[in-house]
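Here is the structure we will look at, set down as structure tokens.
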Amino acid sequence: MSNPPTRLARRLGTGDAIVVGLGSMIGASVFIAVGPAAAAAGSGLLIGLAAAGVVAFCNATSSAQLAALYPASGGTYVYGRQRLGHLAGFSAGWGFVIGKSATLSVSALAFGAYTLPQYPRLAGIAAVVVATAVNLRGITRTAAATRVTVTLVLIALGLVVAAAVAGGATDADNLADWGGGGAGGILESAGLLFFAFAGYARIATLGEEIKDPARTIPRAVPSALGITLVVYAAVSVTALWAVGPEVLAEASAPLAAATDAGSWSGLTPVVRVGAAIASAGALMALVAGVGRTAFAMASEGDLPRVLDKVHPVHKVPHCAEIAVAAVVIALVSLTDLRSVLGFSSFCVLFYYAVTNVSAWTLSAELRRWPRALSGLGFIGCTTLGVTLPGASVISGLCVLVSGVVVWRVRQGLNPPIPR
């Protein structure tokens with residue numbers, strides 16, 4: 001099947017697409033999310049991790065089959081418009097842009113906390129600027145840089161496991177508290193840990209730049225998710241085994257705390273470097289994905305048309321990426337790392353709820369996985385979303401509704417002109 005026409009350049013193969021997904025998932029999240037999840041559920045965060053993985057897998061199958069059918073920049077913004085109507089598409093796109101902008105600020109603040117604790121915001125802003133500059137040079141440079149960061153981060157996480165286990169810090173009693181937070185705590189931990197898995201959407205949002213998307217995307221999305229789940233499970237079990245949920249919950253750098261607990265504590269600086277590299281890699285991949293969604297929305301008139309520009313040489317949506325970077329810099333200047341984690345999770349869960357409903361509408365001949373997976377994904381997203389901290393749910397709903405109201409007003413005053 002020939003590739004659909006695109007304004008961007010198709011340069012990414014299956015390996016590149018997997019690497020971009022891994023760069024978005026195996027990033028700052030693994031160094032951050034374990035702590036809040038442990039606070040919510042104790043050792044029951046492992047159950048939460050499994051639940052988040054199941055929901056993420058259902059979402060991944062929905063995303064992959066829709067992306068193969070509609071290989072355009074924008075992800076569920078495009079799928080929602082095509083399958084459910086303009087309002088659903090805009091709501092999903094808006095949820096993605098604001099939720100992932102918050103995620104970008106988390107990654108930037110994590111970078112600052114690990115590299116320059118005295119001035120974390122300044123370091124985070126510098127990281128956003130550098131990541132955006134790399135992306136503006138072209139998507140193949142983004143994939144190449146992400147390949148390097150993923151390799152280095154996996155080495156750092158391997159050292160976390162080795163230091164905790166071989167360093168003699170492990171204690172079976174640390175895994176005993178499985179139900180301290182109850183069912184609600186486990187579900188809350190799953191919602192927070194879902195934040196760490198959501199990066200596979202970057203593959204779908206790069207649909208206009210992937211070679212043979214109908215074949216590549218359905219392979220790349222589950223592959224990236226499966227690798228990430230194995231890595232997160234190994235790291236989470238090891239961290240709990242080493243120091244227990246109480247220490248993880250209180251630590252600003254949970255994996256560094258796990259490494260510090262044993263006789264191999266000399267590796268802790270390496271882990272901190274790995275966290276910084278992970279944060280930088282996530283920034284590069286996320287700026288690319290959020291920029292593509294903003295580009296797609298601007299192309300349809302749902303965001304300012306100035307964002308609908310493609311660089312004549314590098315073939316990237318440079319105006320959209322610069323705008324995303326500006327928003328993230330503002331968030332880094334005004335927010336703290338943990339306060340936006342739940343907000344981001346809520347918005348992204350909403351985005352995937354729309355994804356699953358869109359996939360549910362596919363006919364049998366267009367479907368690659370059972371429809372039941374889309375239904376389970378929708379139920380999972382809804383359940384995890386409402387069990388997040390109340391402040392996250394309320395703030396997420398307010399921002400989503402505000403965006404829809406402004407969009408409705410703009411539609412009435414100035415209907416978009418189709419291109």
Side-chain angles (χ1 to χ4, degrees), residues 5-12 20 23-24 67 70-81 86 89-105 107-108 125 127-143 145-146 198-199 201-210 282-332 344 347-348 351 399 403 406-407 410 416-419:
T6 172
R7 295 171 62 198
L8 306 178
R10 295 193 184 278
R11 294 171 175 168
L12 300 180
V20 169
S24 297
Y70 304 106
S73 293
T76 302
Y77 168 69
V78 175
Y79 318 148
R81 280 176 61 98
H86 199 170
F90 172 81
S91 299
W94 177 241
F96 180 86
V97 169
I98 59 173
K100 284 304 177 179
S101 294
T103 302
L104 278 162
S105 71
S107 295
I125 290 170
V128 173
V129 172
V130 172
T132 304
V134 172
N135 279 324
L136 292 176
R137 295 291 296 171
I139 192 62
T140 52
R141 288 177 172 80
T142 300
T146 303
R202 300 304 75 67
I203 300 172
T205 57
L206 298 175
E208 287 190 54
E209 293 155 281
I210 290 178
L283 282 170
M284 284 189 292
L286 284 168
V287 167
V290 179
R292 267 67 179 178
T293 300
F295 164 77
M297 295 179 73
S299 297
E300 299 293 338
D302 288 331
L303 287 179
R305 289 283 190 186
V306 68
L307 304 181
D308 175 29
K309 305 293 182 185
V310 176
H311 195 278
V313 176
H314 301 300
K315 300 298 181 182
V316 295
H318 58 296
C319 290
E321 289 195 356
I322 291 171
V324 168
V327 171
V328 174
I329 287 171
L331 289 173
V332 170
S344 174
C347 293
V348 175
Y351 172 88
V399 175
V406 172
W407 174 76
R410 289 184 68 244
I417 301 173
R419 292 195 165 201

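The model shown is predicted, which means the values in this text are computed figures rather than measured ones. Just so you know, these numbers use all the heavy atoms, side chains as well, and skip hydrogens, waters and symmetry mates.
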What are the two closest heavy atoms between Ser105 and Ala102, and how far apart are they?
-> OG-O, 2.6 Å

Is the backbone of Val97 close enough, under 3.5 Å, to the side chain of Thr293 for a donor and an acceptor to pair up by distance?
-> no

Closest approach of Ser344 and Gly99, non-hydrogen atoms and distance?
-> OG-O, 3.0 Å

For the residue pair Ile322 and Leu136, establish whether any side-chain heavy-atom pair is separated by less than 4.5 Å.
-> yes

Using a 4.5 Å cut-off on heavy atoms from C-beta on, say whether the side chain of Asp308 contacts that of Glu300.
-> no

Does the side-chain contact (heavy atoms from CB on, under 4.5 Å) test come out yes or no for Val134 and Val287, once each step is laid out?
-> CA-CA 10 Å; Val134 172; Val287 167; over 6 Å; no

Is any side-chain heavy atom of Val399 less than 4.5 Å from a side-chain heavy atom of Cys347?
-> no

Verdict with supporting geometry, Phe96 and Thr76, side-chain contact (heavy atoms from CB on, under 4.5 Å) = CA-CA 9 Å; Phe96 180 86; Thr76 302; over 6 Å; no

Between Ala298 and Leu307, the two heavy atoms sitting closest are CB-CB, 3.6 Å

CG/Leu303 to CE/Met297 distance, rounded to the nearest 0.5 angstrom?
-> 4.5 Å

Work out which heavy atom in Ala325 is nearest to a heavy atom in Thr132; give both atom names and the distance.
-> CB-OG1, 3.3 Å

Looking at Pro317 and Gly291, what are the two nearest heavy atoms and their distance?
-> CG-O, 4.3 Å

Is there a side-chain contact between Leu104 and Val128, using heavy atoms and a 4.5 Å cut-off?
-> no

Do you know which two heavy atoms are closest between Ala108 and Val332, and how far apart they sit?
-> CB-CG2, 3.6 Å

Given the rule in the side-chain contact (heavy atoms from CB on, under 4.5 Å) test, do Val316 and Val310 qualify, once you have shown the distances and angles that lead to the verdict?
-> CA-CA 5 Å; Val316 295; Val310 176; over 6 Å; no

Can you tell me how far OH of Tyr77 sits from OG of Ser91, rounded to the nearest 0.5 angstrom?
-> 11.0 Å

Whether Trp407 and Phe90 hold their rings parallel, tilted or perpendicular, with breakpoints at 30° and 60° = parallel

Is the backbone N or O of Gly89 less than 3.5 Å from a side-chain atom of Trp94, with the two atoms forming a donor-acceptor pair by type?
-> no

